[in-house]
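See below for the structure under consideration.
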Amino acid sequence: MLLPATRDSIARAAVLLRQGGVVAFPTETVYGLGALAFDARAVARIFEIKGRPSFDPLIVHVADRSMLQEVVGVVPAAGETLIERFWPGPLTLVLAKRPAVPGLVTAGLSTVAVRMSDHPVARGLLEAVGSPLAAPSANPFGRLSPTRAEHVARMLGDRVDLILDGGATTHGIESTIVALEPRPVLLRPGAIAAEQIEALIGPLERVTPASAVRAPGQLAQHYAPATPLRLIDPGLVPDPERRRAGVITLRDPYEGYSASRILSRRGDLREAAAALFEMLHALDALGLDRIDAAPVRESGLGLAIMDRLRRAASR
Ligand code: TXA
Ligand code: MG
């Protein structure tokens, strides 16, 4: 069931969640698929619905500091600095977990990924539930993250107890994930540029998907549309198959494709990141043979865009 997010539907969603249900809801990044973090059976349903392997840990969403304390113990000084600056907002921190957090949520790790969304629906829902929610992105495992309620409905439909529709998300790309101990590591580039974080706490170690043993979910192949996607050399000469293909680029149009999407006419990487999944969903719906993606510069949000495109291409 898909309902516009209102005070009433949020209250209804909260009741479903407290009964062990699974509800999709908007955040400022992408739509999440939520269940009570402390209810292992409800969390198991998230894995079932997503077809997600149980070695891939989930993000726990909290509404405030007291919920954070239910989930994690001591927050290191760098964590406090980042929380002060970026919460509520699209930054996820990996911190030492409290024993009460079910092992299923963290895939048996001693750490838990936590974030505090600034989306009014996510916040309203967490406040109505009164307890932390485990919520990964609301897509089948490995597929594109949803930036609209309709994307969730199309991909997961009846398998979810309720979908709260809060319109399109603002950032359009997932949160940035940072682990702090034993040293600060960028586990996933995302909606907050790494440079902004480094300006506050110093250099972040960058992990490549292959070396990311600390993030079992950082699999090389991920965020993929159903249509095969490849990264192209921007200087490539046109090939005759273009008529069966779509193209997605930052600002420069490419000739000869049957469908094309420009991420940002101004070449603005924030605007491009916000449009990325939205445009990939749209191209994916056209039944093309292939999607070509032109690379973007890897600074600021370009890092997150290229991370998603590389994973989408590595099927
Ligand atoms: O923007 C977001 O973060 C969205 C919204 C819904 O909050 N959520 C999201 O969740 O992207 P998900 O499950 O699709 O991605 C979470 C990532 C996974 O790749 C997982 O491996 C990693 O976080 N992760 C979770 N717990 C971890 C931990 N304890 N250590 C390292 N990585 C962890
Ligand atoms: Mg995901």
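Counting starts at 1 for both ligands and their atoms, following the listed order. Only this structure's heavy atoms are used, side chains among them; waters, hydrogens and symmetry mates stay out.
- Remark: Arg265 CZ is loosely packed, at most 12 non-hydrogen atoms of other residues, nucleotides or ligands lying under 6.0 Å away.
- When each atom of ligand 1 is checked for a heavy atom of Ile59 under 4.0 Å away, the hits are 3 (O), 8 (N), 9 (C), 10 (O), 16 (C).
- For ligand 1, the atoms lying closer than 4.0 Å to a non-hydrogen atom of Thr111 are 28 (C), 29 (N), 30 (N).
- Applying the side-chain contact (heavy atoms from CB on, under 4.5 Å) rule to Ala35 yields the partners Val22, Ala42, Ile46; only residues at least two apart in sequence or on another chain are considered.
- Heavy-atom distances between His171 and ligand 1 stay at or above 4.0 Å for every pair.
- Residues Arg45 and Gly21 share a closest heavy-atom pair of NH1-CA, 4.0 Å.
- A salt bridge between Glu198 and Arg206 is present, with a side-chain N of the basic residue lying under 4.0 Å from a carboxylate O of the acidic one.
- Each ring-ring contact (aromatic ring centres under 6.0 Å, His included) pair with one or both residues in residues 82-136, not counting sequence neighbours, would appear here, but there are none.
- Open room surrounds CD on Glu84; 12 or fewer heavy atoms of other groups in view lie less than 6.0 Å from it.
- Here Ile177 has side-chain heavy atoms under 4.0 Å from ligand 1, and that is the only part of it that gets that close.
- Thr169 places none of its side-chain heavy atoms less than 4.5 Å from the side chain of Thr29.
- For ligand 1, the atoms lying closer than 4.0 Å to a non-hydrogen atom of Glu174 are 1 (O), 2 (C), 11 (O).
- Under a 4.0 angstrom heavy-atom cut-off, Asp56 registers as being in contact with ligand 1.
- Residues Leu309 and Ile262 are members of separate hydrophobic clusters, defined by side-chain heavy-atom contacts under 4.5 angstrom among Ile, Leu, Val, Met, Phe, Trp and Tyr.
- Counting heavy atoms closer than 4.0 Å to ligand 1, residue Arg52 contributes side-chain atoms (C-beta onward) but none from N, CA, C or O.
- Annotation for ligand 1: atoms under 4.0 Å from non-hydrogen atoms of Leu109 are 28 (C), 29 (N), 30 (N).
- Taking a cut-off of 2.8 Å, the protein N, O or S atoms nearer than that to the Mg ion (ligand 2) are Ser137 OG.
- With contacts defined as side-chain heavy-atom distances shorter than 4.5 Å, the pair Ile197/Ile192 qualifies.
- Residues Arg85 and Glu80 are not paired through a salt bridge, judged by the lack of any N-O separation under 4.0 Å between the basic side chain and the carboxylate.
- Close N/O approach between Thr27 and ligand 1 is not found [any backbone or side-chain N/O within under 3.5 Å].
- Residue contacts with ligand 1, taken as heavy atom pairs separated by less than 4.0 Å, involve Thr29 solely via side-chain atoms from C-beta onward.
- Looking at Arg188 and Ser175, their side chains come closer than 4.5 Å, going by heavy atoms from C-beta outward.
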Compile the donor-acceptor pairs under 3.5 Å between side chains in residues 268-283 and protein atoms, sequence neighbours left out, one pair per line.
from: Asp268; atom 1: OD2; to: Glu271; atom 2: N; distance (Å): 2.8
from: Glu271; atom 1: OE1; to: Ser264; atom 2: OG; distance (Å): 2.6
from: Glu271; atom 1: OE2; to: Arg266; atom 2: NH2; distance (Å): 3.1
from: Glu278; atom 1: OE1; to: Thr147; atom 2: OG1; distance (Å): 3.3
from: Glu278; atom 1: OE1; to: Arg148; atom 2: NE; distance (Å): 3.0
from: Glu278; atom 1: OE2; to: Arg148; atom 2: NE; distance (Å): 2.8
from: His281; atom 1: NE2; to: Ser145; atom 2: O; distance (Å): 2.9

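- Applying the 4.0 Å criterion to heavy atoms of Arg115 picks out, from ligand 1, the atoms 1 (O), 2 (C), 3 (O), 5 (C), 7 (O).
- More than 12 heavy atoms of other residues, nucleotides or ligands sit less than 6.0 Å from atom CZ of Arg123.
- Heavy atoms of Arg188 found under 4.0 angstrom from ligand 1 belong exclusively to the side chain.
- Taking distance alone, with nitrogen or oxygen atoms compared against 3.5 Å, Tyr31 stays at or beyond that limit from ligand 1.
- In this structure, of Pro57, Ala24, Gly32, the residue bringing a heavy atom nearest to atom 6 (C) of ligand 1 is Gly32.
- Interface atoms of ligand 1 facing Ser175, defined by a heavy-atom separation under 4.0 Å, are 1 (O), 2 (C), 3 (O).
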